Amino acid sequence: MSWITIKEIFANPASLLETELEVRGWIRTQRLSKNFAFIELNDGSCFKNLQVVYDETLANFSEATKFPLGSALKVAGKLLASPAAGQPFELKAQAIEAIGLSSLEYPLQKKRHSFEYLRTIPHLRPRTNTFMAVFRVRSLLAYAIHKFFHEKGFVYVHTPIITGSDCEGAGQMFRVTTLDLQNPPLNEQKKIDFNQDFFGKETNLTVSGQLNVEGFCLAFNRVYTFGPTFRAENSNTQRHASEFWMIEPEIAFADLNDNMRLAEDMMKYVIRFVLEQAPQEMEFFNRFIDTRLLQRLQLVLDSEFEHISYSQAVEILEKSGTSFNFPVMWGNDLQTEHERYLTEHVFKKPVFVTDYPKAIKAFYMRLNDDKRTVAAMDLLVPEVGEIIGGSQREERHDVLRSRIAEMGLKESDYQWYLNLRKFGGAPHAGFGLGFERAVMYLSGMENIRDVIPFPRTPKSAEF
RNA sequence: UCCUCAGUAGCUCAAUCGGUAGAGCGGAUGGCUGUUAACCAUUAGGUUGGGGGUUCAAGUCCCUCCUGAGGAGCCA
């Protein structure tokens with residue numbers, strides 16, 4: 001006999017009433033009486049559980065009442081309208097077979113656990129309501145992002161995970177090596193001789209695919225990356241992980257305004273998609289995780305994002321009369337508290353801040369005509385802060401060269417990158433979206449460790 | 001990396017001024033014919049994160065290490 005998913009049952013219960021069917025899933029919870037019992041069964045196909053009811057007419061009634069939480073079951077029975085409140089229908093079991101029994105040491109109990117505790121059992125936490133919702137939304141969001149870009153004619157590019165350039169950005173990188181760390185080969189200067197390493201040079205895990213993808217942008221016009229990214233920063237916050245995923249679109253013949261339009265369209269598209277595809281999960285988040293979630297997301301869908309320049313932002317903050325822990329001064333980067341003040345108190349909606357001082361931004365961002373700012377943009381959203389950072393790229397060969405020199409970088413490291421400007425360069429722009437931050441934004445989850453299946457953070461790479 | 005807080009039963013927590021370590025949930029056993037975090041009764045369960053110190057006496061005070069969380073910086 002083939003079995004049916006609980007999702008299929010919920011999709012069309014009326015046509016299945018009074019029919020015999022079989023389901024396979026795991027016991028979420030069980031409630032016992034003397035002569036009958038209820039099992040909440042979840043098979044992973046959907047957020048909801050199916051209530052299974054059985055009584056002493058079941059051949060293995062007394063064994064079944066002792067099945068521990070978490071056990072995997074095969075249940076055959078008839079779908080009936082439920083006489084009690086709480087669920088419209090239930091499966092009256094005629095046979096319950098244990099496919100794999102759990103045990104009394106099963107760490108998940110039928111009560112609320114702290115997220116901290118659940119982080120110690122990441123292999124089991126997807127069996128809880130919250131994490132089943134989180135990881136289904138994570139999956140849907142990934143799909144929504146691919147769908148958005150493909151509908152717009154973007155080409156998905158896999159940029160390398162192992163990189164030979166250590167010049168991608170300021171971030172600390174993870175070394176990739178096969179050298180014997182106890183006894184590394186040394187060169188004549190008594191330094192480690194990376195010529196003998198696997199790739200014949202120093203290699204690291206990527207901190208960004210952007211520079212690589214620019215080459216594909218200047219061939220395919222509209223491209224994006226979506227892949228793992230690694231930062232060896234010793235950051236211990238709710239928003240940082242050592243391994244995370246990043247989306248980096250890059251568009252040619254485009255300026256900063258095109259870039260921001262793309263970012264806004266993308267955010268609205270993926271929010272709408274997830275709201276439509278995971279209504280039960282989103283309802284759950286709104287009820288138990290963040291009661292303002294749906295309201296906030298709806299606001300994003302309904303509003304035009306605000307646009308202000310960095311200089312305007314500084315002016316607004318200076319005139320706000322609010323005393324910040326960090327002083328606001330033109331030339332300093334905006335602090336988290338400044339960003340959140342702008343998006344939460346001043347505008348109360350997503351806001352793009354553009355045209356930052358060149359000294360605080362990367363070398364590849366396009367120099368504005370005022371010679372002191374660059375065509376950069378950050379998207380700030382209420383409750384989270386910065387969620388996207390991007391820029392128009394410097395397409396002028398001579399300006400890029402002088403910017404590389406100005407920032408104290410080695411031009412020889414960027415020869416191939418400069419070549420892109422030499423061989424048919426074109427104005428282009430792009431941005432980076434932290435995938436996990438987007439999952440957090442859409443779910444209301446406050447800690448990045450709770451939106452990654454097996455999170456990697458400083459001092460923690462278990463499982 | 002810096003600052004702050006925390007670590008007590010399987011889980012969530014309590015323990016007043018330094019004076020006999022407790023409760024709820026979970027488990028076990030029994031009861032209950034429609035439960036919804038089911039309910040009722042009984043019961044087992046502890047080297048109080050590790051190490052050192054002060055004291056007649058330390059979960060409680062001091063030192064140190066480990067782990068976790070929050071904030072900051074950095075960023076996505």
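Computed from a prediction, not measured in an experiment: that's the story for all the values here. Side chains are part of it too, since the values below use all heavy atoms of this structure and drop only hydrogens, waters and symmetry mates. In what follows, every chain begins at residue 1, and chains take the letters A, B, ... in the order their sequences are listed.
- Considering only side-chain atoms of A:Q87, the nucleotide from B:rA69, B:rG34, B:rC75 that sits closest is B:rG34.
- At a threshold of 4.0 angstrom between heavy atoms, the contacts of A:L108 with the nucleic acid are absent.
- Contact annotation: A:Q238 reaches the phosphate of B:rG70 (side-chain N/O to OP1 or OP2, under 4.0 Å).
- B:rC25 adopts an anti glycosidic conformation, its chi angle falling more than 90° from 0.
- Closest approach to the A:R449 side chain among B:rG70, B:rG73, B:rG34 is made by B:rG70 (side chain taken as heavy atoms from C-beta onward).
- Evaluation of the side chain to side chain donor-acceptor pair (under 3.5 Å) rule for A:Q210 yields A:E214, A:Y364 as partners, not counting sequence neighbours.
- No more than 12 heavy atoms of other residues, nucleotides or ligands lie within 6.0 Å of OH in A:Y143, so this atom counts as exposed by the packing criterion.
- Of all nucleotides listed (B:rG68, B:rU33, B:rU35), B:rU33 comes nearest to the side chain of A:N35.
- Considering OG1 of A:T65 and CD of A:Q30, their distance stands at 6.5 Å, rounded to 0.5 Å.
- No contact: A:F435 has no heavy atom under 4.0 Å from any strand.
- If you measure from atom CD of A:E116 to atom P of B:rC11, you get 13 Å, rounded to the nearest angstrom.
- Within 4.0 Å of A:E462, counting heavy atoms only, lies no atom of the nucleic acid at all.
- Comparing the C1' positions of B:rA15 and B:rU20 gives an interatomic distance of 12 Å, to the nearest angstrom.
- Atom pair A:E337:CD and B:rG70:P shows a separation of 19 Å (rounding to whole Å applied).
- Taken together, the paired segments of RNA chain B that extend over three or more consecutive Watson-Crick or G-U pairs, each closer than 3.5 Å at both contacts, are B:1-7 with B:66-72, B:10-13 with B:22-25, B:27-31 with B:39-43, B:49-53 with B:61-65.
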Strictly under 3.5 Å: I want the nitrogen or oxygen pairs between protein and nucleotides 26-30 of chain B, one per line.
| residue | atom | partner | partner atom | Å |
| --- | --- | --- | --- | --- |
| B:rG26 | O4' | A:Q109 | OE1 | 3.4 |

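- Regarding A:L334, its CG atom lies at a distance of 11 Å from the P atom of B:rG73, rounded to whole Å.
- Judged by distance alone, with hydrogens and angles left aside, A:E40 brings no side-chain donor or acceptor close enough to the base of B:rU35 to form a pair under 3.5 Å.
- Remark: A:K66 engages no residue in a salt bridge (charged side-chain N to carboxylate O under 4.0 Å, His left out) (not counting sequence neighbours).
- Looking at heavy-atom distances under 4.0 Å, A:S114 makes contact with sugar-phosphate atoms alone, never a base.
- Residue A:T120 is out of contact with every strand shown, counting any heavy-atom pair closer than 4.0 Å.
- The same atom, P, is picked in B:rU33 and in B:rG50; the two are 48 Å apart, to the nearest Å.
- The C1' atoms of B:rU67 and B:rU29 are separated by 38 Å, rounded to the nearest whole Å.
- Comparing the same atom, C1', in B:rC63 and in B:rC75 gives a spacing of 37 Å after rounding to whole Å.
- When each of A:E446 and A:T237 is assigned the nucleotide of RNA chain B with its nearest heavy atom, A:E446 is the one assigned upstream, toward the 5' end.
- Counting any heavy atom pair closer than 4.0 Å across all strands shown, A:F36 reaches sugar-phosphate atoms only and no base atom.
- Taking atom CD of residue A:Q172 and atom C1' of nucleotide B:rU1, one finds them 12 Å apart after rounding to whole Å.
- With both ends at atom P, the span from B:rC5 to B:rG51 equals 24 Å, rounded to whole Å.
- Across all strands shown, A:H113 has heavy atoms under 4.0 Å from sugar-phosphate atoms exclusively, and none from any base.
- Atom NE2 of A:H240 is separated from atom P of B:rG70 by 13 Å (rounded to the nearest Å).
- Comparing B:rG34, B:rU33, B:rG73 against the side chain of A:F326 picks out B:rG73 as the nearest.
- For residues 81-96 of chain A, every residue pair satisfying the salt bridge (Lys or Arg N to Asp or Glu O under 4.0 Å) rule, not counting sequence neighbours, is listed here: A:D55-A:K92.
- Between B:rA69, B:rG73, B:rC75, one nucleotide has an atom nearer to the side chain of A:N447 than all others, and that is B:rA69.
- Put simply, the side chain of A:D43 gets close to the backbone of A:I6: a donor and an acceptor are under 3.5 Å apart.
- If you check every strand for non-hydrogen atoms under 4.0 Å, A:E436 touches nothing.
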Let me check something: any side-chain donor-acceptor pairs from residues 125-135 of chain A under 3.5 Å, sequence neighbours excluded? List them with distances.
| residue | atom | partner | partner atom | Å |
| --- | --- | --- | --- | --- |
| A:R125 | NH1 | A:R449 | O | 3.3 |
| A:R125 | NH1 | A:D450 | OD1 | 3.3 |
| A:R125 | NH2 | A:R449 | O | 3.1 |
| A:R125 | NH2 | A:I452 | O | 2.6 |
| A:R125 | NH2 | A:P453 | O | 3.2 |
| A:R127 | NH1 | A:G70 | O | 3.4 |
| A:T128 | OG1 | A:R125 | O | 2.7 |
| A:T128 | OG1 | A:F131 | N | 3.4 |
| A:N129 | OD1 | A:R28 | NH1 | 2.9 |

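- The CD1 atom of A:I360 sits 13 Å away from the P atom of B:rG73 (whole-angstrom rounding).
- Shown here are the salt bridge (charged side-chain N to carboxylate O under 4.0 Å, His left out) partners of A:R287, two or more places apart in sequence or in another chain: there are none.
- Using a 4.0 Å heavy-atom cutoff across all strands shown, A:A241 reaches at least one base atom of the nucleic acid.
- In this structure, the CG atom of A:N332 is 14 Å from the C1' atom of B:rG73, given to the nearest Å.
- Classification of A:E394 and A:R403 as a salt-bridged pair fails, no side-chain N sitting under 4.0 Å from a carboxylate O.
- Partners of A:Y310 according to the ring-ring contact (aromatic ring centres under 6.0 Å, His included) rule, which considers only residues two or more places apart in sequence or in another chain, are A:W330, A:Y356.
- Taking atom C1' on both nucleotides, B:rA9 is separated from B:rU4 by 29 Å, rounded to a whole Å.
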### Message
Set out, in order, the CA-CA distance, both residues' side-chain angles and the distance that settles side chain to side chain donor-acceptor pair (under 3.5 Å) for A:S391 and A:R393, then state yes or no.
### Response
CA-CA 6 Å; A:S391 68; A:R393 318 306 189 190; 2.7 Å; yes

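- When the ring-ring contact (aromatic ring centres under 6.0 Å, His included) test is applied to A:H307, the partners found at least two apart in sequence or on another chain are A:F352.
- Separating the C1' atom of B:rU43 from that of B:rU64 is a span of 41 Å, rounded to the nearest Å.
- Using a 4.0 Å cut-off, no side-chain N or O of A:R28 falls inside it from OP1 or OP2 of B:rA37.
- Between A:D378 atom CG and B:rC74 atom P there is a gap of 12 Å when expressed in whole angstrom units.
- When the C1' atom is used for both B:rG26 and B:rG68, the distance is 23 Å, rounded to whole Å.
- OP1 and OP2 of B:rU1 both lie 4.0 Å or more from every side-chain N or O belonging to A:S235.
- Among the atoms of the strands shown, only primed sugar atoms or phosphate atoms (P, OP1, OP2) are found under 4.0 Å from some heavy atom of A:R119.
- A:F38 comes within 4.0 angstrom of a base, heavy atoms only.
- Contact annotation: A:N236 does not reach the phosphate of B:rC2 (side-chain N/O to OP1 or OP2, under 4.0 Å).
- Between A:Y224 and A:Y156, the distance separating the two ring centers is shorter than 6.0 angstrom.
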